[in-house]
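First the structure, in the form of structure tokens, and then the observations on it.
We're numbering straight along the sequence, starting at 1. Order of appearance sets the numbers: ligands from 1, and atoms from 1 within every ligand.
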Amino acid sequence: MTDSTTSLQTRSIDLLVPCHNEEESAAALLEALNTTIQTFQQPRDFTIHFNLIIVDDGSSDQTCQRFEQLIKESKEIKQGSIISLSRNFGKEAAMLAGLNHCEGDACIILDADLQDPPSLIPEMISAWLEGYQVVNAVRHDRSSDSRLKRLSSEGFYSLFLKLSKLKVQFNASDFRLLDRAAINAIAACQERVRFSKGFFAWIGFEQKNIYFKRPARQTGSSKWGSWKLWNYALDGIFNFSTAPLRIWSYIGLFVTSAAFIVGLTSVIRVLFFGIDVPGYASLFFAVTFLGGLQLMGIGILGEYVGRSYLETKRRPHFVIKKITKA
Ligand code: UDP
Ligand code: MG
């Protein structure tokens with residue numbers, strides 16, 4: 001743990017909010033942030049300075065203008081910037097754009113829709129002042145999510161844990177406090193296909209969990225459909241584990257051994273017992289089954305080759321259209 005409780009009089013914290021079409025959420029978010037900061041019992045020896053960083057991830061509505069206006073009117077958040085990306089690059093790229101822009105001693109990433117309640121911020125900061133360098137907000141109750149979403153998420157995390165051997169915090173979203181050292185570590189992870197939940201576990205550090213009940217979205221609708229979530233889960237597994245590749249060596253070994261035994265049995269039956277081997281059904285089964293296995297193997301190989309291809313191009317993760325200071 002670092003000795004965060006000593007020395008400095010003023011500490012600065014960036015509040016990082018990735019946004020895609022969140023004009024409807026903006027007012028409620030700013031109000032909640034202002035209320036939290038106002039009531040926040042600051043430790044006697046510290047003044048905490050909050051800086052709001054909105055990353056407008058290619059919104060087609062008035063997200064940027066709305067936040068600019070609200071930050072100007074805000075009582076508690078006196079400083080903010082809106083980073084407008086040139087198109088919708090996705091939440092992962094938006095978070096990285098925000099992290100690259102953070103200059104504070106720590107940063108708190110939160111969603112715009114109040115599903116990451118700003119009322120938890122004081123507890124996160126207290127844990128940080130105690131010396132924890134990563135503070136994870138973990139959902140102990142996800143009744144606002146559908147049963148299918150909860151079950152698939154549980155299945156994914158247990159598989160991810162087994163394959164990657166990384167202690168990814170189950171039921172934690174991206175709602176976290178990151179100390180400067182943790183921000184630098186995550187920003188240093190330069191891969192194009194990004195899975196932040198993996199990075200949060202991979203960087204290590206002293207981490208603390210605080211628990212909360214996840215409320216339903218206040219306004220607007222979720223930008224994460226089932227297909228997007230499925231692809232995100234694949235990114236997580238293929239980015240942090242090569243086990244799906246290795247498994248094919250074992251499948252190959254098993255199938256070859258089984259084929260050898262079946263072949264040997266057939267030869268023995270013909271030679272010693274003179275029994276004719278009925279061919280059609282077994283041949284059909286063997287050809288289709290092996291064909292399917294090979295296609296699956298090629299598909300998995302393709303997942304890795306495709307990702308390597310994306311990495312080799314070394315394109316930037318996002319393009320910034322403009323930065324508005326408010
Ligand atoms: N978001 C973003 N880019 C996207 C999709 C989402 O910046 O392409 C932001 C969104 O505005 C919100 C956060 O990411 O602040 C979480 O998105 P959402 O609430 O749709 O996800 P869910 O809570 O349903 O998982
Ligand atoms: Mg949400």
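Interface atoms of ligand 1 facing A112, defined by a heavy-atom separation under 4.0 Å, are 15 (O). When each atom of ligand 1 is checked for a heavy atom of C19 under 4.0 Å away, the hits are 7 (O), 11 (O). Of all the atoms in ligand 1, the ones that sit under 4.0 Å from a non-hydrogen atom of R217 are 18 (P), 19 (O), 20 (O). Short contacts between ligand 1 and E22, defined as distances under 4.0 Å to a heavy atom of the residue, involve ligand atoms 10 (C), 11 (O), 12 (C), 15 (O). Annotation for ligand 1: atoms under 4.0 Å from non-hydrogen atoms of D57 are 2 (C), 3 (N), 4 (C), 7 (O), 8 (O).
Ring pair F156/F160 is tilted by interplanar angle, where 30° to 60° counts as tilted.
Between the side chains of T63 and E22, no donor-acceptor pair is found at a separation under 3.5 Å. Under the 3.5 Å distance criterion, with hydrogens and angles disregarded, no donor-acceptor pair is assigned to the side chains of Q69 and Q65. For the residue pair T242 / R246, a side-chain donor-acceptor distance below 3.5 Å is found, with atom types taken as modelled.
Residues D14 and I183 fail the side-chain proximity criterion, which asks for heavy atoms closer than 4.5 Å. At least one side-chain heavy atom of Q169 sits under 4.5 Å from a side-chain heavy atom of N209.
Listed by chain and number, the protein atoms of type N/O/S under 2.8 Å from the Mg ion (ligand 2) are D113 OD2, Q115 OE1; waters are omitted.
Judged by distance alone, the side chain of E92 and the main-chain N or O of S196 form a donor-acceptor pair under 3.5 Å. In this structure, the side chain of D57 does not engage the main chain of C19 through any donor-acceptor pair within 3.5 Å. Side chain of N136 to backbone of V138: no donor-acceptor contact under 3.5 angstrom is found.
Backbone and side-chain nitrogen or oxygen atoms of A94 are examined, and none is located within less than 3.5 angstrom of a nitrogen or oxygen of ligand 1. Looking at P18 next to ligand 1, an N or O pair under 3.5 Å apart turns up.
Among protein heavy atoms, atom 8 (O) of ligand 1 sits closest to N88 ND2, 3.0 Å. Looking only at heavy atoms of the protein, atom 16 (C) of ligand 1 is closest to D111 OD2, 3.2 Å. Protein heavy atom at the shortest distance from atom 20 (O) of ligand 1 is K223 N, 2.5 Å. Summary of contacts: the protein heavy atom closest to atom 22 (P) of ligand 1 is S222 OG, 3.7 Å. Looking from atom 21 (O) of ligand 1 to the surrounding protein, the closest heavy atom is W224 CD1, 2.9 Å. The closest protein non-hydrogen atom to atom 19 (O) of ligand 1 is D113 OD2, 2.7 Å. Nearest protein heavy-atom contact of atom 1 (N) of ligand 1 is H20 CB, 3.9 Å.
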> Do K322 and D56 pass the salt bridge (Lys or Arg N to Asp or Glu O under 4.0 Å) test, and can you show the C-alpha distance, the side-chain angles, and the key distance before you say yes or no?
Replying inline: CA-CA 10 Å; K322 63 170 178 173; D56 178 8; over 6 Å; no

>> One pair to check against side chain to side chain contact (heavy atoms under 4.5 Å, CB included): R307 and E191. What are the steps and the verdict?
In response: CA-CA 10 Å; R307 282 171 171 77; E191 46 257 68; over 6 Å; no

> Run the ring pair (Phe, Tyr, Trp, His ring centres under 6.0 Å) check on F195 and F238 step by step: do they pass?
Replying inline: CA-CA 10 Å; F195 182 71; F238 292 127; over 10 Å; no

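Under a 4.0 angstrom heavy-atom cut-off, K228 registers as being in contact with ligand 1.
In terms of the salt bridge (charged side-chain N to carboxylate O under 4.0 Å, His left out) criterion, residue partners of D174 (sequence neighbours excluded) are, by chain and number, K91, K197.
For atom 23 (O) of ligand 1, the choice among K91, M95, Q115, E92 with the nearest heavy atom turns out to be Q115.
In this structure, F199 has its ring center closer than 6.0 angstrom to the ring center of F240.
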